[in-house]
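Heads up, the thing below is written out as structure tokens.
Numbers restart at 1 for each chain; the letters A, B, ... are given by sequence-line order, proteins then strands.
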Amino acid sequence: MKSDLLTKLNKQQLLAVTNDSGPLLVIAGPGSGKTRVIVHRVAFLISEKQVKPDEIMVVTFTNKASRELKDRLNGLLGQYDASRIISGTFHSIASKMLRINGDSIGIANNFSIYDREDQISIVRQACELVEVDTKRYNPSIFLSIISNAKSKMIDPILNQATSDSLFDKLAANVYLEYEKLLHDNQALDFDDLLLRACTLFEKSPLVLADLQNRIKYLLVDEFQDTNFVQYKFAKQLTGDSQNICVVGDPDQSIYSWRNADLRNILNFQKDFKNCTVVKLVENYRSTSNILNASQALISQNSNRITNDIETYNPEGTPIELHVAENEYDEASIITEKIKKLRLEGFSYENFAVTYRVNAQSRAFEEAFVRNGVPYKLIGALKFYQRREIKDIIAYLRIIQNSNDDNSMLRVINVPPRGIGERTVTALKNLANLNGDSVCHALLNLDETVLNIHKTGIKSLKNFQGILNEVIEESLSDHSLTSLLDKILSITGYREHILRELEGSEERWENIGELRSIAGQFDDIQPNEALNAFLDQVALVTAEDDPSSDSNESVTLITLHQTKGLEFPVVFIPGLEEGLLPHSRSMDSFDEIEEERRLFYVGITRAISNLYLSWSKYRTIFGTTTRTIRSQFVDNIPENLLKIVNTNKFQLEERSFTKTTNLFDQQNLLPTINEGDKVEHFKFGKGVVVQTIPRSGDFEIVVAFKVNGIKHLLSSVAKLKVLE
DNA sequence: GATGACGGTCTTTTT
DNA sequence: GACCGTCATC
């Protein structure tokens, strides 16, 4: 066993695998065998150190990664049961803990988990309550403020007390109402799952001690993308054993907008003083052409824990840069390339087209359909976000948690059953009056107090009967699938769907898909099955989308979602200023650097062939504009790039012309000086701390009142100088 | 109360 | 160029 397990590892990997006591930080470059190390470390602990599988917890970035981990382990350790390893995303693990122990901090085990759509709906209600006009302020702004506060563990009351500007006060009020509404609905949002788990650990030392005793080893993957709460969660679970191993790569940190905090890596070394640091620097994945290009690119980042990666792989084929006329041209160039490479022995699943924004997928889908190229689209219109799926799930949620008004109101008139706005308002008022949920108000309906038309009462009575019937079914000992069938038949949902003129077949098929997913829970106890099923539904990651299962197809995927994946042939289209780097991420140095890391992640997914492209014209919103080639292309040495001009109409563009640097032309003098008070549209007010000349431009360092220190480019950031 | 037409907004990335 | 919310009409 031992020889099998350890002979195929290099020196650093071996160190990371066998270092079996105390804190361990593994800095793992792309393709350096990170997953291999995690799998082997777990296998080593189990087979050599007699650690039981259920004493090991592995936190992964997606649920799929956690399943694959268990699969690989089962292959490695025949006699042990790898499925007993505690593994999942931070959110799914926290959710399970709260379902079991949440009652000690006042969280009932049947809480609902609200996704983004539910959250938006709650924010809208909160805005209404505090009289904030949602036409003036986009609800998602509040949502990101709330999420930001939660992932930094800022309490809503405290938040309210410390906010000074008018908008901050507004946001603080929305936050406060939002929390109340979540509470009323007996619901938790994604951030709550982690936040409350941390609270649970603090408030219930016994629960924590028990967990610490049971979890002897903790492993955290993709550590560079954890936020403050997630790190705290991990720290709390690490008992006196200090057996925590975190694996990550600062150069692949691409989720700061989701409040991931790179400082966690630095803090880890402070918090765990005696930690061992292992660096995996040999890349086994890519050709040296690809790796060298990636290293040249990432070396342009200044905020970096330098960590050069090297490979002994052969040079490989050159990286190609294609120039297209527009996005359709770009898509057909890539389609032709795929066809050609297929004749050379590649198969469809070897290809991935990786782009910055989901909207880019359309041109490729059209080209692929036209050319009969099979493809799978990862995470775009997610399965679980489809209307018909959310409707059915709403019914299940009402059964799970009768306080879930949000779900109740979603389907109270779906399919249409004559319960209109007035009737709903009357019912809601009645519920409010009695401090009750809408569902309870309906089930205990006293129609004499409702001041509405007879037909309204009749419709309510009808729905009451439907609900009672469904609830009755849920109380019987039947399976989840039979409950689902019952809901479909009693509510008349099938007929409702089939009545629709467009896409009704597809919608019905989706429900069939949902039914078969529910079937996976049929061997669990019915009352536990509902919680487990709804948890899975709420906490799925993009790769878990059932539609992504098909094989023998080209993968269409966002750059963010490619993290951790690899493909023999990778296409990165849309290398244009405003797209990569994205226009919304161009006004600070930090943001540009994160965009560069995103490109770096994309490049390093490629095993043997890499194709970059940009198109001279692109249509956004329906208007076509001339583009500028991405500045990141210039970060790749010319000798590694083969410029290809496929389009016969663009012969004149054949030479390798560097795009004119936007900043060179302007030759700016600093119109902003140190000490100036400035205002930024996004970061608010602040004071200029420093100005640094940067190739015809100035980097302005501003200390913002709310958002802290930011490095901005004078020509890009629209800074307004205040008196 | 249901349905359809219109007009305004929007797109970054996601657990 | 799609989607959502709002409004007018049946």
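When rounded to the nearest whole Å, the span between CG of A:L559 and P of B:dT13 equals 11 Å. The nearest whole Å value for the distance from the CG atom in A:N259 to the C1' atom in B:dT15 is 12 Å. Rounded to a whole Å, the CG atom of A:L565 is 13 Å from the P atom of B:dT14. Between the CD1 atom of A:I146 and the C1' atom of B:dT15 there is a distance of 17 Å, rounded to whole Å. Summarising the geometry, the separation between CG on A:L188 and P on B:dT15 is reported as 18 Å, rounded to the nearest angstrom. Atom pair A:E577:CD and B:dT12:C1' shows a separation of 15 Å (rounding to whole Å applied). When the C1' atom of B:dT13 is taken as reference, atom CG of A:N227 falls 16 Å away, rounded to whole Å. For A:Y255 and B:dT13, the OH to P distance is 11 Å, given to the nearest whole Å.
The ring-ring contact (aromatic ring centres under 6.0 Å, His included) search around A:F268 returns A:F223, A:F272, not counting sequence neighbours. Residues forming a ring-ring contact (aromatic ring centres under 6.0 Å, His included) with A:F567 (at least two apart in sequence, or on another chain): none.
Electrostatic pairing of A:D329 and A:K616 does not count as a salt bridge here, judged by no charged N lying under 4.0 Å from a carboxylate O.
Between the A:N259 side chain and the A:S151 main chain, no donor and acceptor come within less than 3.5 Å of each other. The backbone N or O of A:S92 lies less than 3.5 Å from no partner atom in the side chain of A:D535, so there is not a single donor-acceptor pair. A donor-acceptor pair is defined here as one N or O able to donate and one able to accept, closer than 3.5 Å; no such pair exists between the side chain of A:D405 and the backbone of A:M408.
The aromatic ring centres of A:W257 and A:H560 sit less than 6.0 Å apart.
At most 12 non-hydrogen atoms from other residues, nucleotides or ligands lie less than 6.0 angstrom from NZ of A:K428. Shown here is A:K461, whose NZ atom has more than 12 heavy atoms of other residues, nucleotides or ligands within 6.0 Å. Within 6.0 Å of CD on A:E128 lie no more than 12 heavy atoms contributed by other residues, nucleotides or ligands.
Put simply, the side chain of A:R258 and the base of B:dT15 share no donor and acceptor less than 3.5 Å apart. In terms of polar N and O atoms assigned as donor or acceptor, the side chain of A:T89 never comes within less than 3.5 Å of the base of B:dT15 in a complementary pairing.
For A:Q561 and B:dT13, the shortest distance from a side-chain N or O to OP1 or OP2 is not below 4.0 Å.
A side chain to side chain contact (heavy atoms under 4.5 Å, CB included) with A:I122 holds for exactly one of A:L143, A:D189, A:N406; it is A:N406.
Between A:Y255 atom OH and A:L262 atom CG the span is 14.0 Å, to the nearest 0.5 Å.
B:dT13 sits 15 Å from C:dC4 when the P atoms are compared, rounded to a whole Å.
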At a cut-off of 3.5 Å, list every protein nitrogen or oxygen paired with a nitrogen or oxygen from nucleotides 1-3 of chain B, distance to 0.1 Å.
from	atom 1	to	atom 2	distance (Å)
B:dG1	OP1	A:T423	OG1	2.5
B:dG1	OP2	A:R422	N	3.4
B:dA2	OP1	A:N413	ND2	3.4
B:dA2	OP1	A:G418	N	3.2
B:dA2	OP2	A:N413	ND2	3.1

Filtered N/O pairs between nucleotides 8-11 of chain B and protein, under 3.5 Å:
none

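The aromatic rings of A:F233 and A:F90 sit perpendicular, their planes meeting at an angle over 60°, well past the 30° parallel limit.
In the region residues 191-198 of chain A, proximity to DNA chain B at under 4.0 angstrom, judged on heavy atoms, holds for none of the residues.
Using a 4.0 Å heavy-atom criterion, one finds that A:R362 contacts the sugar-phosphate atoms exclusively.
Considering all non-hydrogen atoms of both residues, A:V353 and A:F368 come closest at CG2-CZ, 4.2 Å.
If you walk DNA chain C from 5' to 3' and mark each nucleotide with an atom closer than 4.0 Å to a heavy atom of chain A, the marks span C:dG1 to C:dA2.
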